[in-house]
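Let me begin by presenting the structure, written as structure tokens, before commenting on it.
Excluded from the calculations below are hydrogen atoms, water molecules and symmetry mates; all remaining heavy atoms, backbone and side chain alike, are included. When a residue number appears, it is its place in the shown sequence, counting from 1.
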Amino acid sequence: MFQMTLSFYATELYKQFAAYTTQKLQELGLSFGMMYFVIYVGKHPGCTPAEMTRNLHLDWGHCQRSVNKLVEEGFLTREKQGRSYHLGLTPAGETAFQTCHQVFFDWDAEKLSGLSEEEQHQLLTLLQKAARTRKESV
């Protein structure tokens, strides 16, 4: 018999969140994977691609391709300042940022609606504790 584990539920919730978010972002022409770049720039206007790569723990090439795509599609601006480029949101990017930010709250409200306020607090507290407990990879 299959035993339910934290990893099973984490994976299932991730899949559900990705599907929910994809549906909401399709209207904007933004993919699930690109959402995190838009959110990062929205929260860190004027950041450089190098800062974003480092802080999101991403591969440089992947980050560059994503930034290029978001610039081409009109979500991000890229301005050269001295020796580096700085990123910002376009008006379409600002709309996408607001939508991306809101989708987290909307999904949480939907998923947690069957729990009491106390249960919601307890669940989020325990998940936060579990998320902080991690070994460094070798």
Side-chain angles (χ1 to χ4, degrees):
M1 183 163 123
F2 183 72
Q3 197 172 33
M4 300 300 174
T5 63
L6 174 61
S7 56
F8 171 82
Y9 289 112
T11 302
E12 183 59 31
L13 288 169
Y14 177 79
K15 285 192 257 181
Q16 290 177 24
F17 178 69
Y20 177 86
T21 304
T22 297
Q23 177 194 13
K24 300 288 183 185
L25 297 179
Q26 272 182 336
E27 300 165 9
L28 301 172
L30 191 66
S31 70
F32 177 73
M34 296 296 182
M35 170 181 70
Y36 294 99
F37 294 99
V38 170
I39 290 172
Y40 188 85
V41 174
K43 290 188 173 194
H44 305 91
C47 67
T48 65
E51 292 166 358
M52 185 165 47
T53 300
R54 184 175 50 255
N55 292 325
L56 294 178
H57 308 285
L58 295 172
D59 172 69
W60 174 256
H62 172 70
C63 187
Q64 285 301 107
R65 286 186 300 277
S66 298
V67 166
N68 289 342
K69 184 172 181 170
L70 288 166
V71 169
E72 289 168 13
E73 292 180 357
F75 292 103
L76 296 183
T77 62
R78 180 175 36 209
E79 285 187 31
K80 187 162 178 79
Q81 295 178 5
R83 293 178 51 195
S84 59
Y85 288 93
H86 293 265
L87 304 173
L89 296 176
T90 64
E94 186 61 42
T95 299
F97 173 70
Q98 296 301 325
T99 301
C100 291
H101 198 261
Q102 188 60 45
V103 80
F104 281 86
F105 294 103
D106 294 346
W107 190 80
D108 282 7
E110 184 178 305
K111 283 295 167 187
L112 299 174
S113 65
L115 302 176
S116 70
E117 207 170 300
E118 182 181 330
E119 289 171 325
Q120 289 178 29
H121 178 72
Q122 184 179 21
L123 174 63
L124 294 175
T125 300
L126 291 171
L127 287 171
Q128 182 182 40
K129 187 175 182 179
R132 282 193 313 253
T133 307
R134 67 180 218 180
K135 291 183 175 183
E136 294 300 318
S137 57
V138 180

| N/O donor-acceptor pair under 3.5 Å between E12 side chain and Y9 backbone | no
| Closest heavy-atom contact between G93 and V38? | O-CG1, 3.8 Å
| Parallel, tilted or perpendicular, as decided by the 30° and 60° cut-offs, for the rings of F104 and F17 | tilted
| message | Clusters formed by hydrophobic residues whose side-chain heavy atoms approach within less than 4.5 Å: which one holds L124, and what are its other members? | response | L112, L115, L123, L127
| remark: Nearest heavy-atom approach of C100 to M35 is SG-CG, 3.4 Å
| Going by the side chain to side chain donor-acceptor pair (under 3.5 Å) test, which pairs reach into residues 98-113, not counting sequence neighbours? | Q16-K111, E94-Q98, Q102-D106
| message | Please determine whether side chain to side chain contact (heavy atoms under 4.5 Å, CB included) holds for the pair Y85 and T48, giving the CA-CA distance in whole Å, both sets of side-chain angles, and the decisive distance to 0.1 Å. | response | CA-CA 6 Å; Y85 288 93; T48 65; over 6 Å; no
| Residue among R78, Q81, E51, K80 satisfying side chain to side chain contact (heavy atoms under 4.5 Å, CB included) with H86 | Q81
| field | Closest non-hydrogen atom pair, L30 against A96 | value | CD2-CB, 3.9 Å
| After noting the C-alpha distance and the side-chain angles of K69 and M34, does the key distance pass the side chain to side chain contact (heavy atoms under 4.5 Å, CB included) rule? | CA-CA 9 Å; K69 184 172 181 170; M34 296 296 182; 3.4 Å; yes
| query | Do the side chains of Y20 and Y36 join up, straight or via other hydrophobic residues, at under 4.5 Å, putting them in one cluster? | reply | yes
| message | Starting from V103, can I reach Y14 by hopping between I/L/V/M/F/W/Y residues whose side chains sit under 4.5 Å apart? | response | yes
| query | Which heavy atom in D59 sits nearest to a heavy atom in H62, and how many Å separate them? | reply | OD2-N, 3.0 Å
| query | From F37 CZ over to C63 SG, what is the distance, rounded to the nearest 0.5 angstrom? | reply | 5.0 Å
| message | Ring centroids only, cut at 6.0 angstrom: are F75 and F97 within range, meaning strictly under it? | response | no
| message | I'd like to check the side-chain hydrogen bond (donor to acceptor under 3.5 Å, both in side chains) partners of T125; sequence neighbours left out, ordered by chain and number. | response | none
| said: Is it the case that over 12 heavy atoms from other parts of the model lie below 6.0 angstrom from the CD atom of Q122? | reply: no
| task | Output yes when a side-chain donor or acceptor of T90 lies under 3.5 Å from a complementary backbone atom of G74, and no otherwise. | result | yes
| If we only count heavy atoms from C-beta on, is the P49 to L87 side-chain gap below 4.5 Å? | yes
| message | Keeping E73 on the side-chain end and L70 on the backbone end, is there a donor-acceptor pair under 3.5 Å? | response | no
| request: Indicate the atoms forming the closest heavy-atom contact of C47 with V41, along with that distance. | output: SG-CG2, 4.1 Å
